[in-house]
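Start at 1 with the first residue, then count along the sequence. Note that ligands are numbered from 1 as they come in the structure, with each ligand's atoms numbered from 1 the same way.
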Amino acid sequence: MIDDLWYKNGIFYCLAVGTYMDANGDGIGDFVGLTRRLDYLHGLGVTAIWLMPFQPSPQRDGGYDIADYYGVDPRYGTLGDFVEFAHGCKQRGIRIIIDLVVNHTSDQHPWFLEARRSKDSPYRDWYVWSDKKPANANTGMVFPGVQKSTWTRDKEAGAWYFHRFYDFQPDLNTSNPHVQTEILKIMGFWIQLGVSGFRMDAVPFVIATKGASVKKSVEQYDMLRAFREFLQWREGDAIILAEANVLPQTDLEYFGDDGDRMHMMFNFQVNQHLFYALAASDTRPLAKALVATKPRPASAQWGLFLRNHDELDLGRLTEAQRDVVFKAFGPDKDMQLYNRGIRRRLAPMLGGDRRRLELAYSLMFTLPGTPVIRYGDELGMGDNLALPERECARTPMQWSAEPHGGFTKSDKAASPVLDQGPYGYEHVNAAKQRRDPNSMLNWTERIIRMRKEVPEVGWGDFEVIETRDPAVLIIRYDWRNNSVLFVHNLDEKPREIAFATGLADDSGRLLINLLAEDHSRADKRGRHTLVREPYGYRWYRVGGLDYLLRRSDVDTERSAKRTRKAAHPG
Ligand code: NOJ
Ligand code: CA
């Protein structure tokens, strides 16, 4: 049962085929190259790979503009290559999650080409049309500043079509039963080819009512149950991980009260407040976000992430909080995006400071949920702000100090490999870090190993432990009579921290350090006092063998007394 819900404690790793490894030397990453790197991923300890969209696409939005749901973009290989890759994953016990992008298609999708041709096309109603320009055409853009409207007039159709995202991404009419059936068919297809589930793109928009007459769209949550039900019938342990940046009060609508909707959701609430905590050395709003997102069905799980392929969206913070994060991590206009976020990678945001990187990752690995790593972050890869919008954080994986970072043998990489500054491939690459026991790569490998040994994080109930110091976060997990406890100091100054574990019995007297030798014993009042170095973190198992031994000593003494008493009554 514990392992059956594999996603409760997995290590997810997200990558784009096109920027991972090029095997045939045409400058574009491909499935053959990725398959050759599976041992690297296996060695790192990854248990599931999340593949960004790899289907045929004009590639105007990183592949999130799909032109055929049932194939592989020829740039990345063939369907046969995909199956070989899937087999390679299976051999190593690695699961595959793929993006399911069904809020919209590419404007080059044959369905849209058909739909725009005539009002009588059977595909016409697969999209969302209006004869006149809708009154709200200039509202609701997801990419403000770049995207001008949500309705665009199509000459050929002689009508306006709705697009929540860019104008080349016409929204599917997801209320249309034919479209719904097709979505299930797409899931069924990839499930049959061996994937373990889907990262469902833009879920709130998929289930929203759409149309020119819709003043305020309404989420049709029942659709989520239909998706899940279908998936579960086809493959019992397959999951859906929802991309839904929503407020905590709606979380349960997405998970379903009985856990009958989405298995997983990304925790955007925690993500944004975590960055605030790192920027301000103030963990109080983060603790609030943790508590606010605590309620969820037993089988449901959060996806915990730091940076992803999009901008770091800070839209859920207060303006004052957002300013603090901008100031600390993205002060230049050029680093910011869509008036709400930062487009940089994590390492440059944290000034390449190894202590802060470890702290941030230690938090990601120990906050409630399943960690989702972004490729290259295990090396501390940087970004290229000369590239437009979100492209800056999508440069190819840096494998070695060879030309183009060993990513391609071609003399021209389709997406330029970072070759300048401290984050250039000559300094930051997997080959070099593999040889260095203290590298970020080897640190990540070790921390993943340890994360797998604390299943309490994925399964347990948690409590944020009171401290008087806002820079310090202490969190304890309890599960099946076991407890683990994590301490993080988010400040640049060392801290002396005093706390009690909060456990009712005295099992919390001894804290076994899981990463080093300095264990902690409580004083007579049951309080622990620790000194944490700047940005320091500790992973503890509560109690442990030592504690048990001492306890049995006590028990033996007591029972010896009893025996003596029994032998000499009075
Ligand atoms: C969310 C994805 O993460 C983003 O990259 C994409 O542009 C939009 N959805 C549209 O598919
Ligand atoms: Ca290639």
> Count the heavy atoms belonging to other residues, nucleotides or ligands that lie under 6.0 Å from CD of Glu319, then report whether that count exceeds 12.
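Counting other residues, nucleotides and ligands, CD of Glu319 stays at 12 neighbours or fewer.
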> Which residue in the set Tyr69, Phe82, Tyr76 passes ring-ring contact (aromatic ring centres under 6.0 Å, His included) when paired with Phe54?
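Exactly one option meets the ring-ring contact (aromatic ring centres under 6.0 Å, His included) with Phe54, and it is Phe82.
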> With respect to His309, determine whether any N or O atom, backbone or side chain, lies less than 3.5 Å from an N or O atom of ligand 1.
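The answer is yes, given that His309 and ligand 1 share an N or O pair closer than 3.5 Å.
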> For Arg199, which part has a heavy atom under 4.0 Å from ligand 1: side chain, backbone, both, or neither?
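Looking at Arg199 and ligand 1, just side chain atoms fall under 4.0 Å.
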> Out of Asp310, Asp61, Val102, whose heavy atom is nearest to atom 3 (O) of ligand 1?
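Result: the heavy atom closest to atom 3 (O) of ligand 1 is in Asp310.
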> Under a plain distance cut-off of 3.5 Å, with no hydrogens placed, do Thr395 and Asn384 share a side-chain donor-acceptor pair?
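Side chains of Asn384 and Thr395: no pair found under 3.5 Å.
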> Would you mind running through ligand 1 and noting each atom that sits below 4.0 Å from a heavy atom of Phe143?
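That gives atoms 7 (O) of ligand 1.
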> Are Trp129 and Phe112 close enough that their ring centres sit under 6.0 Å apart?
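For Trp129 and Phe112, the ring centres are under 6.0 Å apart.
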> Going by distance alone, is a donor N or O of one side chain under 3.5 Å from an acceptor N or O of the other, for Asp65 and Ser57?
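Their side chains do contain a donor-acceptor pair, which is all the 3.5 Å distance test asks for.
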> What protein N, O or S atoms come within a distance below 3.0 Å of the Ca ion (ligand 2), ordered by chain and number?
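Correct list: Asp22 OD1, Asn24 OD1, Asp26 OD1, Ile28 O, Asp30 OD2.
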> If you count the atoms of ligand 1 from 1 in the order shown, which ones are under 4.0 Å from a heavy atom of Glu243?
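By the 4.0 Å cutoff, the relevant atoms are 1 (C), 3 (O).
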> Strictly under 6.0 Å, is that where the ring centroids of Tyr40 and Trp399 end up?
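Aromatic pair counts; centres sit under 6.0 Å.
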> Kindly say whether the aromatic ring centers of Phe165 and Phe205 come within a distance under 6.0 Å.
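They qualify: ring centres under 6.0 Å apart.
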> Quick one: which ligand 1 atoms are inside 4.0 Å of a heavy atom on Arg390?
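With Arg390 as reference, the close atoms of ligand 1 come out as 4 (C), 5 (O), 6 (C), 7 (O).
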> List every atom of ligand 1 that sits less than 4.0 Å from any heavy atom of His104, numbering the atoms from 1 in the order shown and giving each element.
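Counting from 1, the qualifying ligand atoms are 10 (C), 11 (O).
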> With side chain to side chain contact (heavy atoms under 4.5 Å, CB included) as the test, pick out the partner of Arg394 among Arg374, Glu389, Met52.
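Passing option: Arg374.
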> Met52 near ligand 1, heavy-atom distance under 4.0 Å?
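Per 4.0 Å heavy-atom rule, Met52 does not contact ligand 1.
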> Check for me whether the distance between the ring centres of His309 and Tyr64 falls short of 6.0 Å.
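Yes, close enough.
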> Just by distance, no angles: are the side chains of Ser400 and Glu402 close enough, under 3.5 Å, to form a donor-acceptor pair?
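Yes.
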> Among protein heavy atoms, which lies nearest atom 11 (O) of ligand 1, and at what distance?
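Among all protein heavy atoms, the one nearest atom 11 (O) of ligand 1 is Asp201 OD2, 2.7 Å.
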> Check for me whether Arg345 meets the cation-pi criterion with Tyr375, that is, NZ or CZ under 6.0 Å from the six-membered ring centre and within 45 degrees of the ring axis.
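The answer is yes; both the distance and angle limits are met.
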> Please report which non-hydrogen protein atom sits nearest to atom 8 (C) of ligand 1, along with the residue it belongs to and the distance in Å to one decimal place.
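Nearest neighbour among protein heavy atoms for atom 8 (C) of ligand 1, to 0.1 Å: Phe165 CE2, 3.7 Å.
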